[in-house]
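All values below were derived from every heavy atom in this structure, side-chain atoms included, with hydrogens, water molecules and symmetry-related copies excluded.
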Amino acid sequence: MDKQILVKCGKSWFEFTKSRTGQLDFAGKLESGAYDVGAYQELAGSAYFSPCWYVFLADAMNMTPRIFVADGVDVSDADTFEYLVHVGALLAAVEAKDSLLAGTLYLRRRKTFEKFARVSQYIIEDLSVEILFSLCFGCMENIIPDSIPLVFNTAQKKMDLDQSRESLEQAFIRYFKETSCTVTLPLVGTQYYSWNAAPEVLDRLCDNLAVDVLLCHAEKIRRAKHDFYASLETIVQAEPYNPHDKYAILACIESPEAKICGNAGLEKVGHIRALAAKIIRLAKPMKMRYGSALASISPQNIVMQVTV
């Protein structure tokens with residue numbers, strides 16, 4: 001039987017099915033990398049997420065989701081259609097293990113995702129602990145766990161959390177002691193440092209291109225800029241000598257401007273939020289440096305991928 005509904009996120013394909021009674025179900029990620037969708041109706045994913053908002057975005061998220069619906073499959077009811085055009089970005093974020101973005105996308109369309117709670121819960125299950133940590137301890141909005149029950153209930157089972165015996169903070173300390181995992185966290189205090197994410201020389205790459213060659217060079221320029229940011233060295237490490245917070249975790253990134261000039265050198269960029277840093281440091285007090293990479297840079301945030 002032909003596949004009914006396919007969602008393409010970059011190079012990854014995911015399958016959904018719809019029963020005769022109208023039940024939408026998630027069939028999972030497909031192994032093969034190419035499908036003949038010439039006879040399918042192609043729909044664009046919603047612009048509630050767009051890579052154009054970012055200065056830099058990791059490869060796995062630097063795409064526009066596409067939805068392909070087989071002939072005769074009805075997705076015209078409002079709830080199903082809304083779910084399908086929004087779920088692609090969430091699928092990609094979970095696949096990329098970008099816990100902060102996955103959590104943010106879930107919050108943006110929480111009502112939509114909760115209309116298909118069983119499907120959504122299955123999609124976020126593997127990343128639910130990391131999503132909960134990023135939202136409740138990593139970002140500044142102070143998300144209350146009870147306000148995101150779909151995430152919290154799933155993470156609670158994975159963490160074996162009993163709130164009569166321990167707080168959520170204590171549960172994460174215990175969990176990180178036992179488990180190595182990767183989370184994405186926004187940096188705080190970036191306004192106090194002079195690190196420049198977009199030096200003028202990068203913005204001038206197109207200045208001397210003739211109109212007739214602009215199009216053929218646009219993709220090369222886009223790829224070169226992306227690879228340039230992806231190549232920047234990053235360091236995330238403990239800062240126990242910090243006079244304000246003994247649990248502080250500092251983030252440094254190679255200077256884009258200095259790199260263009262041929263000079264090496266890291267610059268301070270910001271810190272992991274204090275609540276998250278304390279949990280990480282208490283869980284692994286002997287570990288001083290953490291695996292890290294740039295997840296994204298936007299006008300609002302610098303987000304780091306950190307392996308605890």
Side-chain angles (χ1 to χ4, degrees), residues 5-16 18 24-30 33 35 37 40-69 75 78-128 130-135 138-139 141 143 148 150-151 154 182-186 222 226 230 293-305:
I5 303 166
L6 295 172
V7 178
K8 184 176 185 290
C9 302
K11 297 178 181 179
S12 298
W13 292 79
F14 303 90
E15 182 184 2
F16 287 82
K18 190 175 182 185
L24 186 69
D25 203 0
F26 179 55
K29 183 181 178 182
L30 299 173
Y35 291 90
V37 290
Y40 284 60
Q41 178 181 194
E42 180 179 347
L43 307 170
S46 168
Y48 92 124
F49 161 79
S50 175
C52 71
W53 300 337
Y54 297 84
V55 176
F56 167 78
L57 186 62
D59 252 341
M61 293 304 303
N62 199 351
M63 54 81 215
T64 301
R66 303 289 179 184
I67 303 95
F68 298 91
V69 182
V75 296
D79 289 344
T80 300
F81 186 79
E82 184 180 18
Y83 189 84
L84 288 173
V85 298
H86 287 98
V87 76
L90 181 64
L91 284 165
V94 171
E95 174 80 3
K97 298 192 182 303
D98 191 332
S99 54
L100 179 66
L101 183 53
T104 302
L105 294 173
Y106 166 75
L107 286 173
R108 284 181 194 164
R109 286 295 184 274
R110 176 184 160 186
K111 289 182 179 179
T112 299
F113 293 132
E114 289 182 353
K115 287 177 182 176
F116 298 85
R118 184 179 59 84
V119 178
S120 300
Q121 195 166 34
Y122 182 80
I123 289 171
I124 67 174
E125 183 176 6
D126 287 345
L127 200 66
S128 59
E130 291 86 346
I131 292 172
L132 186 66
F133 183 74
S134 293
L135 291 181
C139 57
E141 286 79 5
I143 304 299
I148 46 173
L150 202 64
V151 175
T154 308
T182 298
V183 293
T184 47
L185 301 168
R222 186 194 72 80
H226 179 277
L294 262 176
S296 66
I297 304 170
S298 69
Q300 294 78 33
N301 282 314
I302 299 171
V303 178
M304 301 293 293
Q305 183 185 73

Side chains of [X] and [Y], donor plus acceptor under 3.5 Å:
X      : Y      : value
Tyr83  : Ser120 : yes
Tyr106 : Glu114 : yes
Thr154 : Ser128 : no

Kindly compute the distance separating [atom1] ([X]) from [atom2] ([Y]), expressed to the nearest 0.5 Å.
X      : Y      : atom1 : atom2 : answer
Leu24  : Lys115 : CG    : NZ    : 13.0 Å
Thr64  : Lys8   : OG1   : NZ    : 10.0 Å
Ile302 : Leu294 : CD1   : CG    : 7.5 Å
Ile148 : Ile143 : CD1   : CD1   : 6.5 Å
Glu95  : Lys11  : CD    : NZ    : 12.5 Å
Ile5   : Thr80  : CD1   : OG1   : 8.0 Å

Margin query: Between Lys97 and Asp126, does any NZ, NE, NH1 or NH2 come within less than 4.0 Å of an OD or OE carboxylate oxygen?
Written below: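 Lys97 and Asp126: not salt-bridged.
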Check whether any side-chain heavy atom of [X] lies under 4.5 Å from a side-chain heavy atom of [Y], and answer yes or no.
X      : Y      : result
His226 : Phe56  : yes
Asp25  : Arg118 : yes
Val151 : Ile124 : yes
Phe16  : Ile67  : no
Leu6   : Leu30  : yes
Phe14  : Cys9   : yes
Gln305 : Thr182 : yes

For residues [X] and [Y], report the shortest heavy-atom separation together with the two atoms involved.
X      : Y      : result
Asn62  : Pro51  : OD1-CB, 3.5 Å
Glu15  : Phe26  : O-CD1, 3.5 Å
Leu127 : Ala102 : CD2-CB, 4.2 Å
Gly88  : Val7   : CA-CG1, 3.9 Å
Ser46  : His86  : OG-NE2, 3.2 Å
Ala89  : Met61  : O-CE, 3.8 Å

Next item on the list: Return yes when atom OH of Tyr48 has more than 12 non-hydrogen atoms of other residues, nucleotides or ligands closer than 6.0 Å, and no otherwise.
Entry: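 Enclosed: over 12 neighbouring heavy atoms sit under 6.0 Å from OH of Tyr48.
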Next item on the list: Begin from the C-alpha positions of Leu43 and Leu84 and carry the test side chain to side chain contact (heavy atoms under 4.5 Å, CB included) through to its verdict.
Entry: CA-CA 9 Å; Leu43 307 170; Leu84 288 173; 5.9 Å; no
Check: Any donor-acceptor pair under 3.5 Å linking the side chain of Ser298 with the backbone of Asn301?
Finding: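 Yes; judged by distance alone, with no hydrogens or angles, the pair exists.
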Next item on the list: May I ask you to decide if Leu100's main-chain N or O and Thr184's side chain share a donor-acceptor pair within less than 3.5 Å?
Entry: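 Between the backbone of Leu100 and the side chain of Thr184 there is a qualifying donor-acceptor contact (under 3.5 Å).
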Checklist line | Parallel, tilted or perpendicular: ring planes of Tyr54 versus Phe49, cut at 30 and 60 degrees | finding: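 Correct class here is tilted.
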